[in-house]
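Below is one structure, written out as structure tokens; the observations come after it.
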Amino acid sequence: MADRSNQGGDGIRTFPFPVELSVGGVGMQIGPMGTGRTWHADAPLERVHRIDFHVVMLFGEGPVRHMVDFTEYEAGAGDLLWIRPGQVHRFSRTSEYRGTVLTMQPGFLPRSTVEATGLYRYDLPPLLHPDPARLAGLRDALGQLRREYEDTATLPLSLHTAVLRHTLTAFLLRLAHLAASSAEARRQRSDSTFTLFRDAVERDFATNHSVSAYADALGYSRRTLVRAVRAATGETPKSFIDKRVVLEAKRLLAHTDLPIGRVGAAIGFPDAANFSKFFHQHTDQTPAAFRAELR
């Protein structure tokens, strides 16, 4: 298979949705999990990799360990793992993946559905644990989606695609409701101060590491910001900023061949020594040692 990966100016290779593997060339896929599945020949699933499409896995067996953005999650039978575009992840070499996997190309659904289903809520945890009633509804919706996906003979392609969009929307609305009803999601959504801070950090973390600067830009006192962030996350604003910076550093170290100094510069550390000191303080590893572990 030809290399269809994209490589941006920062050297990150992001693998696009493999349309050629989709039935009828539509912007989604659904099928059983198991050995031999991949979205690109040059993206081994057991290696850290980055994708630009959504992945939802409903596990039929467990436990399964799966890394998302450098956090290990353990899923059991009936759990779901929702990985969003831009996140880095890695399949476990030792876990057996059994169940159903859904992949979806950004842009396959209309904007109103994207907003209603919170497709880009990166603040929500990837791992979801539905209760029996919600699990039954999700399984039924996913089963119906799979039947529609595999039935390419009943309807012309345009109608087939429209039905898939509606059926996928029904499933995602159930999934979004599950995610939004978690205790963490409720806590984070309840505080608009934290929400504004979170969005500002996501936008500006590469150039702004200052709590006071964020407070000034948002029109809050530093004390108000500290109180809101602590209530939502249990941590300080500075810790929240630093964790986001460290995450991006890990992404760049794991998925690019950029020199250490350029990785630091990309996240706001023009001095390589300062970046190495910062990274070591937060990970107990040097950037070079972290990169070596993943190679």
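Quick caveat: nothing in here was measured; it's all calculated off a predicted structure.
Put simply, the residue from D79, V56, L175, L81 that forms a side-chain contact (heavy atoms from CB on, under 4.5 Å) with L128 is L175.
Listed for the R291 side chain is a donor-acceptor partner under 3.5 Å among the backbone atoms of L253. D52 places a side-chain N or O within donor-acceptor distance of the main-chain N or O of F17, the cut-off being under 3.5 Å. Looking at H209, its side chain does come within 3.5 Å of a backbone N or O of I267 through a donor-acceptor pair. Using a distance-only test at 3.5 Å, with no hydrogens or angles considered, a donor-acceptor pair links the side chain of R50 to the main chain of G86.
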Output side-chain donor-acceptor pairs under 3.5 Å for residues 271-279, partner residues at least two apart or in another chain, one line each.
| unit_1 | atom_1 | unit_2 | atom_2 | d |
| --- | --- | --- | --- | --- |
| D271 | OD1 | A273 | N | 3.0 |
| D271 | OD1 | N274 | N | 2.9 |
| S276 | OG | A272 | O | 3.2 |

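The six-membered or imidazole ring of H280 lies away from that of F290, with a centre-to-centre distance of 6.0 Å or more. The aromatic ring centres of Y214 and F240 sit 6.0 Å or more apart.
L155 and Y149 sit in two unconnected hydrophobic clusters of ILVMFWY residues. Membership requires side-chain heavy atoms under 4.5 Å apart, directly or through other members.
For the atom pair CG of L109 and CG of L172, the computed distance is 6.0 Å after rounding to the nearest 0.5 Å. Between atom CG of residue D242 and atom NE2 of residue H282 there is a gap of 4.0 Å, rounded to the nearest 0.5 Å. Note that the CG atom of L173 and the OG1 atom of T113 stand 7.0 Å from one another [nearest 0.5 Å]. Taken to the nearest 0.5 Å, the NE2 atom of H54 stands 11.5 Å off from the CD1 atom of I83. To the nearest 0.5 angstrom, F171 atom CZ is 7.0 Å from L58 atom CG. To the nearest 0.5 Å, atoms CZ (R84) and OH (Y120) are separated by 10.0 Å.
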Should L124 and W82 be marked as a side-chain contact (heavy atoms from CB on, under 4.5 Å) after you check the CA-CA gap, both sets of side-chain angles, and the distance that decides it? CA-CA 9 Å; L124 298 178; W82 187 354; 5.7 Å; no
Could you check K250 against T283 for side-chain contact (heavy atoms from CB on, under 4.5 Å), going step by step and ending with a plain yes or no? CA-CA 10 Å; K250 287 182 174 180; T283 68; 3.9 Å; yes
Please assess L157 against V26 for the test side-chain contact (heavy atoms from CB on, under 4.5 Å), listing each intermediate value before the final yes or no. CA-CA 9 Å; L157 181 58; V26 297; 4.2 Å; yes
Show, in sequence, the C-alpha distance, side-chain angles and deciding distance for E202 and D199, and conclude whether the side-chain contact (heavy atoms from CB on, under 4.5 Å) test is met. CA-CA 5 Å; E202 185 61 29; D199 292 345; 5.7 Å; no
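In this structure, H89 and H49 have tilted ring planes: the angle between them lies in the 30° to 60° band.
In this structure, the side chains of P130 and L138 come closer than 4.5 Å at one or more pairs of heavy atoms. Within the 4.5 Å cutoff, the side chain of L218 has no heavy atoms near those of the T193 side chain. Put simply, the side chain of L119 reaches to within 4.5 Å of the side chain of M104, judged on heavy atoms. Contact check for R139 versus L142: no side-chain heavy atoms found under the 4.5 Å cut-off. Residues Y220 and L196 have side chains in contact (heavy-atom distance under 4.5 Å, counting atoms from C-beta outward). Between V23 and E150 there is no side-chain heavy-atom pair separated by less than 4.5 Å. With a 4.5 Å cut-off on side-chain heavy atoms, V64 and M57 do not count as touching.
Y97 and R65 get closest at one heavy-atom pair: OH-O, 3.2 Å. Taking all atoms of both residues into account, the shortest heavy-atom contact from R147 to D140 is NH2-O, 4.4 Å. Residues V226 and P237 share a closest heavy-atom pair of CA-CG, 3.7 Å. Annotation for F59 and M33: closest pair CD2-CE, 3.9 Å, computed over non-hydrogen atoms. Between R222 and S212 the shortest heavy-atom distance is NH1-OG, 2.9 Å. Heavy atoms only, all atoms of each residue included: L127 and E74 are closest at CD2-O, 3.4 Å.
By the salt bridge (charged side-chain N to carboxylate O under 4.0 Å, His left out) test, D204 pairs with no residue at all, sequence neighbours left out. Scored by the side-chain contact (heavy atoms from CB on, under 4.5 Å) test, R90 finds V48, M67, E72, L294 as partners (sequence neighbours excluded). Every salt bridge (charged side-chain N to carboxylate O under 4.0 Å, His left out) that D69 has, sequence neighbours left out, goes to R251. Among residues two or more places apart in sequence or in another chain, the side-chain contact (heavy atoms from CB on, under 4.5 Å) test is passed with T167 by Q144, L145, E148, V163.
A donor-acceptor contact closer than 3.5 angstrom is absent between the side chains of T256 and R262. Judged purely by distance below 3.5 Å, without hydrogens or angles, the side chains of T236 and S239 never pair a donor atom with an acceptor atom.
Between E248 and R244, at least one side-chain N (NZ, or NE/NH1/NH2) sits under 4.0 Å from a carboxylate O, which counts as a salt bridge.
Applying the salt bridge (charged side-chain N to carboxylate O under 4.0 Å, His left out) definition to pairs two or more places apart or across chains, none involves residues 151-180.
In this structure, H166 places its NE2 atom where only 12 or fewer heavy-atom neighbours from other residues, nucleotides or ligands lie under 6.0 Å away.
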